[in-house]
Amino acid sequence: MGSVKDNEENRQPLLAEATSADWLLSKNTVERVDEDDDKDLKTRVWIETKKLWHIVGPSIFSRIASYTMNIITQGFAGHLGEVELAAISISNTVIVGLNFGLLLGMASALETLCGQAFGAKKHHMLGIYMQRSWIVLFLCCFLLLPLYIFATPILRALGQPDDVAELSGMVALWFIPLHFSFAFQFPIQRFLQSQLKTAVLAWVSLAVLAIHTVVSWLFVYKLNLGIVGAAVALDISWWLLFIGLFWYTACGGCPETWSGFSTQAFSGLWEFIRLSAASGVMLCLENWYYRILMLMTGYLENATLALDALSICMNINGWEMMIPLAFLAATGVRVANELGAGRGKAAKFATVVSVAQSTVIGLIFCVLIMIYQDKFALIFSSSLDVLNAVKKISYLLAVTILLNSVQPVLSGVAVGAGWQSKVACINLGCYYLVGVPLGLLMGMVLNTGLEGMWAGMIFGGTALQTIILAFITYRCDWENEAEKARMHVQKWSEPPPASQS
């Protein structure tokens with residue numbers, strides 16, 4: 001640790017001397033004509049598509065692999081009994097899910113910082129940013145621990161049966177190692193994505209998915225550890241994801257962006273916390289929105305049937321959402337890279353290509369849902385009542401999928417440009433001041449049931465938020481945003497003041 005500190009101190013004068021030269025280069029980059037401007041539109045779209053899918057493809061694969069690990073865990077628990085399935089589902093969805101959304105959002109601050117720094121060729125700062133994110137998220141994990149420790153009384157207060165709440169609380173305690181793994185796993189994913197090292201994410205996810213299946217089988221059936229074994233297997237798998245990615249990073253996979261641990265990571269933490277908090281609020285408000293719909297549905301008449309139908313639609317939506325979420329990550333990286341490089345027009349073009357392609361994919365899935373509206377629910381249920389209930393609300397699922405093909409991409413633009421605080425306010429207003437009250441009004445006051453509640457939340461929340469973000473993106477001065485990014489990277493790349501002896 002001492003040698004790392006010495007190297008860091010020796011490098012500070014070099015960083016200070018290089019600052020003016022580096023930003024003179026950046027200024028020349030801004031003034032230089034974009035080399036892609038001379039190419040025809042078809043060629044430019046193809047070039048941008050390759051850059052985009054270099055991130056989107058592996059991101060979809062790694063997200064589906066992580067999602068599948070949770071499904072496998074629930075599958076093993078389901079074979080132990082109904083209470084065990086309910087316990088691990090609730091603890092994973094409610095307790096872990098709430099923290100997952102917040103920590104994932106906080107880690108997305110790295111998509112802004114690392115993406116812009118990489119575009120500006122401030123490569124050495126990416127490792128510093130990641131270490132700062134580890135520190136901030138690790139401390140935040142301690143603040144969130146009461147949700148795990150007091151999971152049983154929390155779930156009882158939410159109306160869960162005593163046996164399910166008791167077992168869910170026990171499972172939540174075993175999920176604490178999983179909780180702390182997020183603090184390290186999410187930042188390193190964004191660190192690698194920002195420098196376009198995405199193939200390693202897919203390969204490590206595939207390897208860990210295979211290991212998770214075997215370990216779950218071993219713990220649950222061979223060692224007879226029951227539901228505890230299923231929870232521990234998921235803990236191990238998520239830590240293996242981080243270990244695999246860190247091993248790649250530290251053992252030469254990122255020679256320009258990782259030079260070891262540095263005391264510089266402890267400087268500027270307050271500003272970093274502010275940006276991380278804004279990112280966390282922005283994304284967790286989106287993540288929690290449809291979980292609230294599930295909770296509100298439980299208070300409707302014939303709530304069991306309504307919940308069965310809605311859960312099937314949400315499962316389909318969850319699987320399909322892996323694609324828009326991958327576009328969110330890719331758009332954030334592409335916009336941040338181009339703005340950091342001072343290429344405002346290129347950032348705008350990347351936005352247009354990403355929105356267009358994600359929308360086309362969303363339209364395809366929307367049409368498939370409408371064509372197979374009486375068949376896709378057979379994956380989950382054979383009950384005629386449930387199938388008819390799903391068919392009745394399938395058009396709402398189709399609209400949700402279509403909107404979700406646009407909205408996350410626009411959120412990715414916000415992340416890449418550093419608009420997290422602004423979008424957090426928009427999300428709060430659209431989702432919770434308009435969407436939720438409108439859903440309650442239409443569903444309960446006007447007695448339109450699940451259809452009215454879901455429609456109110458779609459059009460009052462998701463659609464309104466999408467329109468506002470689209471308007472902001474359309475009116476954006478991209479060259480001005482590139483200049484802001486240049487100043488932002490310069491500010492965050494400045495070495496800390498020398499200590500007085």
Side-chain angles (χ1 to χ4, degrees), residues 1-26 29 55 106-139 181 183-201 203-204 239 241-273 275-276 332-333 336-337 340-341 485-486 488-499:
M1 189 71 182
S3 61
V4 173
K5 182 178 180 180
D6 292 341
N7 291 338
E8 200 62 47
E9 290 175 350
N10 291 336
R11 197 168 61 176
Q12 297 306 325
L14 297 176
L15 286 173
E17 292 171 7
T19 300
S20 57
D22 286 343
W23 287 113
L24 183 58
L25 276 174
S26 294
T29 302
I55 307 170
M106 292 181 70
S108 72
L110 287 184
E111 293 179 22
T112 305
L113 298 172
C114 288
Q116 293 182 0
F118 187 77
K121 302 190 183 303
K122 296 285 185 179
H123 295 152
H124 69 282
M125 289 304 300
L126 272 70
I128 304 297
Y129 293 152
M130 180 171 66
Q131 292 172 61
R132 286 177 185 167
S133 187
W134 282 343
I135 294 168
V136 171
L137 266 65
F138 183 67
L139 294 175
S181 74
F184 299 93
Q185 168 70 8
F186 295 155
I188 201 169
Q189 283 181 339
R190 277 131 194 85
F191 166 80
L192 292 168
Q193 282 178 351
S194 296
Q195 51 191 305
L196 309 182
K197 295 183 181 294
T198 52
V200 64
L201 296 173
W203 287 113
V204 171
W239 275 105
L241 281 173
F242 167 69
I243 291 170
L245 296 178
F246 182 72
W247 179 83
Y248 169 84
T249 299
C251 294
C254 303
E256 293 184 325
T257 55
W258 177 261
S259 56
F261 294 100
S262 170
T263 55
Q264 192 178 348
F266 291 92
S267 64
L269 281 179
W270 177 243
E271 289 294 325
F272 200 93
I273 289 172
L275 180 60
S276 295
V333 170
N337 284 169
R486 184 191 71 81
H488 194 253
V489 173
Q490 184 178 21
K491 171 187 173 183
W492 283 82
S493 299
E494 288 175 354
S499 59

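- The salt bridge (Lys or Arg N to Asp or Glu O under 4.0 Å) analysis of residues 186-198, with sequence neighbours excluded, yields the pairs Glu111-Arg190.
- Counting only residues at least two apart or on different chains, no salt bridge (Lys or Arg N to Asp or Glu O under 4.0 Å) pair has a member in residues 256-270.
- To the nearest 0.5 angstrom, Leu241 atom CG is 10.0 Å from Phe186 atom CZ.
- Separation of atoms CZ (Phe266) and CD (Gln131) is listed at 8.5 Å; rounding is to 0.5 Å.
- Side-chain contact between Pro187 and Trp134 is present, with at least one heavy-atom pair separated by less than 4.5 Å.
- For the ring pair (Phe, Tyr, Trp, His ring centres under 6.0 Å) test, no residue two or more places apart in sequence or in another chain qualifies with Tyr248.
- To the nearest 0.5 Å, atom NZ of residue Lys122 and atom CD1 of residue Ile128 are 13.0 Å apart.
- With rounding to the nearest 0.5 Å, the separation of CG in Leu126 from CG in Leu110 is 8.5 Å.
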**Request:** Determine, step by step, whether Trp258 and Phe246 satisfy the ring pair (Phe, Tyr, Trp, His ring centres under 6.0 Å) criterion, reporting the C-alpha distance in whole Å, the side-chain angles of both residues, the deciding distance to 0.1 Å, and the verdict.
**Result:** CA-CA 10 Å; Trp258 177 261; Phe246 182 72; 5.8 Å; yes
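- Under the 4.5 Å side-chain criterion, counting only non-hydrogen atoms from C-beta, Trp239 is in contact with Phe184.
- Here Leu196 pairs with His54, Ile55, Val333, Asn337 under the side-chain contact (heavy atoms from CB on, under 4.5 Å) rule; sequence neighbours left out.
- Checked against side-chain hydrogen bond (donor to acceptor under 3.5 Å, both in side chains), Thr112 has the following partners two or more places apart in sequence or in another chain: Gln420.
- In this structure, Gln189 CD and Ser194 OG are separated by 11.5 Å, a value rounded to the nearest 0.5 Å.
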**Request:** May I have the step-by-step check of side-chain contact (heavy atoms from CB on, under 4.5 Å) for Leu192 and Thr198, ending in yes or no?
**Result:** CA-CA 6 Å; Leu192 292 168; Thr198 52; over 6 Å; no
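- Under the rule for a side-chain contact (heavy atoms from CB on, under 4.5 Å), the partners of Ser276 that lie at least two apart in sequence or sit in another chain are Met106, Ala109, Val136, Phe272.
- Each of Phe191, Tyr129, Phe118 was evaluated against Leu113; a single residue qualifies, Tyr129, per the side chain to side chain contact (heavy atoms under 4.5 Å, CB included) test.
- Residues meeting the side-chain hydrogen bond (donor to acceptor under 3.5 Å, both in side chains) test with Thr257, sequence neighbours left out: Gln195.
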